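Let me begin by presenting the structure, written as structure tokens, before commenting on it.
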Amino acid sequence: MRICAIALGIAAAFATVTGASADVYMNANFSGGIFSAANVKAPFIGTVTPNSTFTGSLLFDSSLIPAGPGTQNVQFASFPDISAIPPATAFQFSIGSLSFNLNNDPLAAIQYKNGKFNGFAANEMFSFGGNQYDLFIQGGLFQIYLAPGGNVDFSNLFVSGFFNIGDAALSGKTPYTPQIAAVPEPSTWAMMILGFAGVGYMTYRRRKPAALAA
């Protein structure tokens, strides 16, 4: 019983999981739309509806919002805790039946203009109908181009649309805490070392009488 109790204490020390760094993360929703029928071409007709709207969500780090003037990009990869944030939590949205998240472009960025939300910067590669395409995003606009072999053909535009931009366009803001395994404090390390020593000693005590009896 003593060994079990000590082992449980060690396990509890290792299992301690907390959220995160000093960075302040916020979830938010955004919206946008598809331009007219002239900007939706086969094979996306029926998959993407012209003049339709859509919503998505992103995670932003309040500590990294640029304060200076001009247009600046903040990559999701620059978030200190990005490894603990699921790609679909960091950035995701759907256009018709097409869905995208940070997995499509790990180098995607949130774009700010004069310190305010201004859309995104990304190249989201995806396959559709046996061909490869690129969702090219720059600021508040996006287009879908043919991208054979990963090379974007900017002469072949299939879909185009927009994101609503500006801080007022972000809704449903809620705090987000990444789940990060805590680094044990010195006192926790001491407890674990004592625990291991206790387990070893109790095992030794149990084995010794058996060896004498033999």
Side-chain angles (χ1 to χ4, degrees), residues 27-61 64-66 68-79 82-83 85-172:
N27 264 321
N29 301 320
F30 61 85
S31 61
I34 308 298
F35 288 133
S36 66
N39 290 297
V40 178
K41 299 177 181 178
F44 294 97
I45 296 172
T47 299
V48 177
T49 305
N51 298 316
S52 62
T53 60
F54 62 82
T55 59
S57 64
L58 78 154
L59 190 74
F60 65 90
D61 185 341
L64 297 181
I65 297 176
T71 300
Q72 301 180 58
N73 296 331
V74 176
Q75 289 187 328
F76 291 100
S78 70
F79 294 0
I82 190 61
S83 62
I85 301 170
T89 299
F91 173 56
Q92 70 83 27
F93 76 109
S94 298
I95 308 170
S97 61
L98 303 175
S99 295
F100 304 93
N101 62 51
L102 195 59
N103 272 333
N104 298 101
D105 179 12
L107 299 180
I110 304 171
Q111 188 173 105
Y112 295 92
K113 185 174 182 179
N114 300 327
K116 295 183 179 181
F117 173 68
N118 196 58
F120 305 95
N123 285 281
E124 306 252 339
M125 294 290 180
F126 67 100
S127 296
F128 183 80
N131 292 314
Q132 190 169 15
Y133 296 88
D134 176 59
L135 173 67
F136 177 78
I137 306 174
Q138 188 57 247
L141 300 176
F142 67 84
Q143 297 91 25
I144 292 178
Y145 294 98
L146 187 67
N151 298 310
V152 181
D153 180 359
F154 287 103
S155 66
N156 280 305
L157 174 64
F158 291 87
V159 179
S160 60
F162 63 92
F163 299 104
N164 293 314
I165 60 176
D167 288 348
L170 296 178
S171 61

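Values in this document were obtained by computation on a predicted structure and should not be read as measured data.
In this structure, the side-chain contact (heavy atoms from CB on, under 4.5 Å) partners of Asp167, at least two apart in sequence or on a different chain, are Lys116, Phe117. In this structure Tyr112 satisfies the ring pair (Phe, Tyr, Trp, His ring centres under 6.0 Å) test with no other residue, sequence neighbours excluded. Taking Thr71 as the reference, nothing meets the side chain to side chain donor-acceptor pair (under 3.5 Å) condition, with sequence neighbours excluded. Every residue two or more places apart in sequence or in another chain that forms a side chain to side chain donor-acceptor pair (under 3.5 Å) with Asn156 is listed here: Asp153. Contacts of Phe154 classified as ring pair (Phe, Tyr, Trp, His ring centres under 6.0 Å), with partners at least two apart in sequence or in another chain: Phe136, Tyr145.
Across Ala109 and Asn73, no two heavy atoms sit closer than the pair CB-CB, 3.8 Å. Across all non-hydrogen atoms, the minimal contact from Gly119 to Ile165 is N-CG2, 3.7 Å. The two atoms that bring Gly150 and Met125 nearest to each other are O-CE, 3.4 Å, heavy atoms only. Contact between Leu102 and Ala90 at its shortest, heavy atoms only, is CD2-CB, 3.8 Å. Here the closest heavy-atom approach between residue Asn104 and residue Ser99 is recorded as OD1-O, 4.4 Å. Here the closest heavy-atom approach between residue Ile65 and residue Gly115 is recorded as CG2-O, 3.7 Å.
Within the 4.5 Å cutoff, side-chain heavy atoms of Val74 are placed close to those of Phe79. Asn118 has its side chain out of reach of Gln72: every pair of non-hydrogen atoms, C-beta onward, lies at least 4.5 Å apart. Side-chain contact between Ile110 and Asp61: absent, with no pair of heavy atoms (C-beta onward) separated by less than 4.5 Å. A 4.5 Å side-chain heavy-atom check between Ile144 and Leu98 finds at least one atom pair inside the cut-off.
Remark: Ile95 CD1 to Phe44 CZ distance equals 9.5 Å, nearest 0.5 Å. Here CZ of Phe93 is found 14.0 Å from CG of Asn29. Values are rounded to the nearest 0.5 Å. Rounding to the nearest 0.5 Å gives a distance of 9.5 Å between CG of Leu135 and CG of Asp105.
Note on residues 121-142: pairs passing side-chain hydrogen bond (donor to acceptor under 3.5 Å, both in side chains), not counting sequence neighbours, are Gln111-Gln138. For residues 43-58, the side-chain hydrogen bond (donor to acceptor under 3.5 Å, both in side chains) pairs, not counting sequence neighbours, are Ser57-Gln92.
With Phe120 as the partner, the ring pair (Phe, Tyr, Trp, His ring centres under 6.0 Å) test is satisfied by one option alone out of Phe163, Phe142, Phe100: Phe163.
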Show me the side-chain donor-acceptor pairs of residues 31-41 shorter than 3.5 Å, one per line, residues at least two apart or across chains.
{"from": "Ser31", "atom 1": "OG", "to": "Asn164", "atom 2": "ND2", "distance (Å)": "2.7"}
{"from": "Asn39", "atom 1": "OD1", "to": "Ser160", "atom 2": "OG", "distance (Å)": "3.4"}

